[in-house]
Amino acid sequence: MEWLPNDVPDTSVCWWHDTFTNYADALEGKVQSYLLNAEPTQEGCLELGTEQCPARVQWRGQRMRVYQLVAWAEVGQVPLRKSVVRHLCNNRACINPKHLTVGTQAQNLFDQRQKRSDDIAQFWSHH
């Protein structure tokens, strides 16, 4: 387990620490069940829900998006306050661990701007 700063009063830090310590097998089973129930796409995404409304989970008293549960379970780290889950595929419905990474909100916003810029360039190259 990674060192946890003492000045992070976020209850989710304690929840994740407890989850990794006492519920690791249950967490792994939960993640695997979501991955098995996801819809594969041609792009390699595994979708649950939609991009506008990604699937959510209520587990052990916490509510979150399934992609968050999958990503944090994969990295095995307690999420700190400024950390977010980034979709490398830019598909918020995707829960494929290979398409998810942990980063900052600034990185996430940069990804979104880059995707929009790429989409515009691709649009104009075809017209």
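For the single chain, residues carry numbers from 1 onward in sequence order.
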N37 CG to L46 CG distance, which is reported to the nearest 0.5 Å: 11.0 Å
W59 versus A26, closest heavy-atom pair with distance: CZ2-CB, 3.9 Å
Gap separating the CG atom of N22 from the CG atom of L27, nearest 0.5 angstrom: 12.0 Å
Residue pair T50 / C53, side-chain heavy-atom distance below 4.5 Å: yes
Check: G44 main-chain N/O paired with N96 side-chain donor or acceptor under 3.5 Å: yes
Backbone N/O of R60 and side chain of W15: donor-acceptor pair under 3.5 Å: yes
Where A93 and G49 come nearest, the two heavy atoms and their spacing: CB-O, 3.9 Å
Test item: H99 side-chain N/O and C94 main-chain N/O as donor-acceptor pair under 3.5 Å: no
For V57 against K30, the heavy-atom pair lying closest together: CG2-CE, 3.8 Å
Worked check of side chain to side chain contact (heavy atoms under 4.5 Å, CB included) between K82 and T104: CA-CA 6 Å; K82 294 187 180 192; T104 65; 5.8 Å; no
Where E74 and P97 come nearest, the two heavy atoms and their spacing: CG-CB, 3.5 Å
Separation between CD of Q77 and CH2 of W16, rounded to the nearest 0.5 Å: 11.5 Å
same_hphob_cluster(V84, Y67) at 4.5 Å side-chain heavy-atom cutoff: no
Heavy-atom pair of closest approach, residues S83 and W72: CB-CH2, 3.5 Å
Rounded distance (nearest 0.5 Å) linking atom CG of L100 with atom NE2 of H87: 5.0 Å
Gap between atom CD of E51 and atom CG of N90 - 0.5 Å precision: 8.5 Å
Over all atoms of both residues, closest heavy-atom pair of I95 and A38: CD1-CB, 3.9 Å
Point-to-point distance, once rounded to the nearest 0.5 Å, from CZ of R63 to CG of L69: 13.0 Å
